[in-house]
2 protein chains.
Amino acid sequence: MTSPVPHPGLADSAFLAAVRGEPVPHTPVWFMRQAGRSLPEYRKLREGIAMLDACMRPDTVVEITLQPVRRYGVDAAIFFSDIVLPLKAVGVDLDIVPGVGPVVARPVRTLEDVAAIPDLTPEHVDFVTESVRTLTGELGATPLIGFAGAPFTVASYLVEGGPSKEQALTKSLMFSQPEVWAALMDKIAQISAAYLQVQVAAGASAVQLFDSWAGSLTPTDYREHVMPWSQRVLASVTDVPRIHFGVGTSNLLGLMGDAGADVVGVDWRTPLSDGILRAGGRAVQGNLDPTLVFAPTELMTARADEIIAAGRAAPGHVFNLGHGVLPATDPDQLARLTDHVHAYPLD
Amino acid sequence: MTSPVPHPGLADSAFLAAVRGEPVPHTPVWFMRQAGRSLPEYRKLREGIAMLDACMRPDTVVEITLQPVRRYGVDAAIFFSDIVLPLKAVGVDLDIVPGVGPVVARPVRTLEDVAAIPDLTPEHVDFVTESVRTLTGELGATPLIGFAGAPFTVASYLVEGGPSKEQALTKSLMFSQPEVWAALMDKIAQISAAYLQVQVAAGASAVQLFDSWAGSLTPTDYREHVMPWSQRVLASVTDVPRIHFGVGTSNLLGLMGDAGADVVGVDWRTPLSDGILRAGGRAVQGNLDPTLVFAPTELMTARADEIIAAGRAAPGHVFNLGHGVLPATDPDQLARLTDHVHAYPLD
């Protein structure tokens, strides 16, 4: 089975034009976690289906990925998955516990633990290939963004055994056992790269590398202990634009761009104008505070206007929230925000 | 009972000299949360004593505050308390639940809820006055830093009803109900100001205003909805140096200084050299990653050296971690760090 022929309108889509830094028909917009718990149709579909099962069944992946595109008319779909899904696919014993997050049965702390994790091959994720092919057919001229966790963030789940506020064990391993750390990062970089390559081979138009917890690192530690592996992952998918995003990364935006990103995601803490300067001439994505959707519509749209205006200083700007959609978000408010961004006048 | 006569060496202490931007005998150092769970003598003393009880009994407050000064020989003591203690003292129904944090029985969401919270008078916190007086006597030439939570962070506990990752309800109230927000912030500013004034009147040599969660705000929202009240608190204690600290505040350091701080606390994410520039000519405090104490000693001290060297560009520099001591910290490692900072050569 070969990859589907791309829709003729895809290359000219607002999203792909913006990430290439070309003129756009309107400011493109999508929302991190647009597919998920804020949507009643998602909650209905997930009834009785565990999170990881929903990520591994093509029928649910396709439907969940499409739901926000249908509802909002956003300019891109994001492949429905989870940061730990590729680990699960290669056989790591883990689960996503509701109200907690990913829980790893046996945390990884030694070279033997790392060696026990298999490399990822396309056969591990047949369901991803099938889902992406179906999705690109359904999406037509709307780009699909592939998705993977960056090595540091994935490593933090493996080392801590679950979500962690401080990543103390992870950083302790990073500081104290550089050989184990390098082996672990090598392993995850292989898995994340292979996982993204599968999505691109099956038709994804762009990828986003999520380094959710990178913001807990100093620039020095990010540069020495993390960046080389994120760089390796990004360098493995050169055929499509690459977005690189983390939270609380004000001081890392330049490095995250230099790691090989075409687009630097900026969280809401950094004014977009500053983010553009720090991203070093790259396109940017962001960055409305996700809690601003709880504000009166006029305030939300006024802040969105400021962000769009600031975004004009970048070679390209993809409007987004500064982090994922919060579960309590009113979808009607996101619909209004989408329409508002689309209606914003071009220069 | 009048305030005790200050120890003759106090004014010349390294800590107070540094915050005034004067020459120091050595780089002063203390650690946020130096009193607490990382110390075996603390864990022993706390056996069978609930957190809030420990904060309200002069004997435990004094002993816990002194423990790290005795052990490490740090250059300042920090008054042992909790951010929600003044609320408890005026009668708000709350508790500190082990493993969770502060839990408020009836979250505050309306003008009536706010009006039901009494103002704080010195009589509410007699135990603070008594503790501080005893402490300043015991501490001699070592300064005692008073402590209070900033209005935004305290508000977040009251509105959310407990700790919260996103402060979504708090910011929702802030965006949507400005009158309720202003009333709540007025109330907390009064309480925090009065709480600090009590500590200063009883002999505290400096104060630190903790805005732990301010880093979740954009600079725009911080300036409009938070800064005026933090400013009011800081303006209420002009007789002693004021330190202003929050986590993840890279983009807020200038504003936090302008709010009336003499010293701006910098977390570990921001290189201290950048923090100094952003703090606008003020003294700074910080900023070793608290997880670096889990690294080999040589790596920890090498990073400390970089921070001390960078700190020389500020009018004054107080060495500290970039956030609180983590509970798993080895006290011997903090002892080595203290000695190392003290031995660092002056220019």
Side-chain angles (χ1 to χ4, degrees), chain A residues 163-178 214-222 224 247-253 266-275 278 287-300 302-303 306-307 322-324 326-330, chain B residues 163-178 214-222 224 247-253 266-275 278 287-300 302-303 306-307 322-324 326-330:
Chain A
S164 148
K165 230 173 76 181
E166 320 279 359
Q167 287 90 45
L169 293 169
T170 310
K171 291 205 235 163
S172 177
L173 184 77
M174 181 178 93
F175 291 133
S176 307
Q177 301 190 65
S216 76
L217 296 161
T218 62
T220 300
D221 291 318
Y222 181 80
E224 285 181 21
V247 182
T249 51
S250 279
N251 301 290
L252 305 178
L253 293 172
V266 181
D267 95 343
W268 74 99
R269 293 172 175 89
T270 307
L272 192 61
S273 52
D274 290 357
R278 295 182 200 171
N287 71 343
L288 189 74
D289 183 341
T291 64
L292 262 165
V293 300
F294 303 117
T297 303
E298 304 66 40
L299 177 58
M300 171 185 74
R303 293 293 180 83
E306 292 168 15
I307 288 167
H323 194 190
L326 293 168
T329 296
D330 173 7
Chain B
S164 148
K165 230 173 75 181
E166 320 279 0
Q167 286 90 44
L169 292 169
T170 310
K171 292 205 234 163
S172 178
L173 183 78
M174 181 177 93
F175 291 135
S176 307
Q177 301 189 67
S216 75
L217 296 161
T218 63
T220 300
D221 291 319
Y222 181 80
E224 286 181 21
V247 182
T249 51
S250 279
N251 301 289
L252 305 178
L253 293 172
V266 180
D267 95 345
W268 74 97
R269 293 172 174 88
T270 307
L272 192 62
S273 51
D274 291 357
R278 294 182 201 169
N287 74 342
L288 190 74
D289 183 341
T291 65
L292 262 166
V293 299
F294 303 117
T297 304
E298 303 67 39
L299 177 58
M300 172 185 74
R303 294 294 180 80
E306 292 168 16
I307 288 167
H323 195 190
L326 293 168
T329 295
D330 173 7

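Lettering of chains follows the sequences in order, A, B, ..., and the numbering in each one begins at 1. Any value given below was found using the heavy atoms of this structure, including those in side chains, with hydrogens, waters and symmetry copies removed.
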Minimal non-hydrogen separation, F294(B) against S172(A), with atom names: CB-OG, 3.6 Å
Give the member of D221(B), D274(B), L252(B) that has the highest number of heavy-atom pairs under 4.5 Å with chain A. D221(B)
How close do D289(A) and S216(B) get, counting heavy atoms only, and between which atoms? OD2-O, 4.1 Å
Top residue by heavy-atom pair count (under 4.5 Å) with chain B, among V293(A), L292(A), T249(A), T220(A)? L292(A)
Ignoring hydrogens, what is the shortest heavy-atom contact between G215(B) and R269(A)? Give both atom names and the distance. O-NE, 2.7 Å
Region of S250(B) that comes under 4.5 Å of a non-hydrogen atom in chain A: side chain
Heavy-atom pair with the smallest gap, counting every atom of A168(A) and T291(B): CA-CG2, 3.9 Å
To the nearest 0.5 angstrom, please state how far the CG atom of N251(A) sits from the CG atom of D267(B). 8.0 Å
Partner chain A: residue of A328(B), P296(B), P290(B) with the largest heavy-atom pair count (under 4.5 Å): P296(B)
For each of E166(A), M174(A), K171(A), H323(A), tally heavy-atom pairs with chain B at distances under 4.5 Å, and name the one with the top tally. K171(A)
For chain B, which candidate among K165(A), R303(A), Q167(A) shows the most heavy-atom pairs at distances under 4.5 Å? R303(A)
Measure across A295(B) and S176(A) and return the closest heavy-atom pair with its distance rounded to 0.1 Å. CA-OG, 3.8 Å
Against chain A, label L169(B) side chain, backbone, both or neither, depending on which of its atoms sit under 4.5 Å from a heavy atom there. neither
Which value, rounded to the nearest 0.5 Å, describes the distance between T218(B) atom OG1 and N287(A) atom CG? 9.0 Å
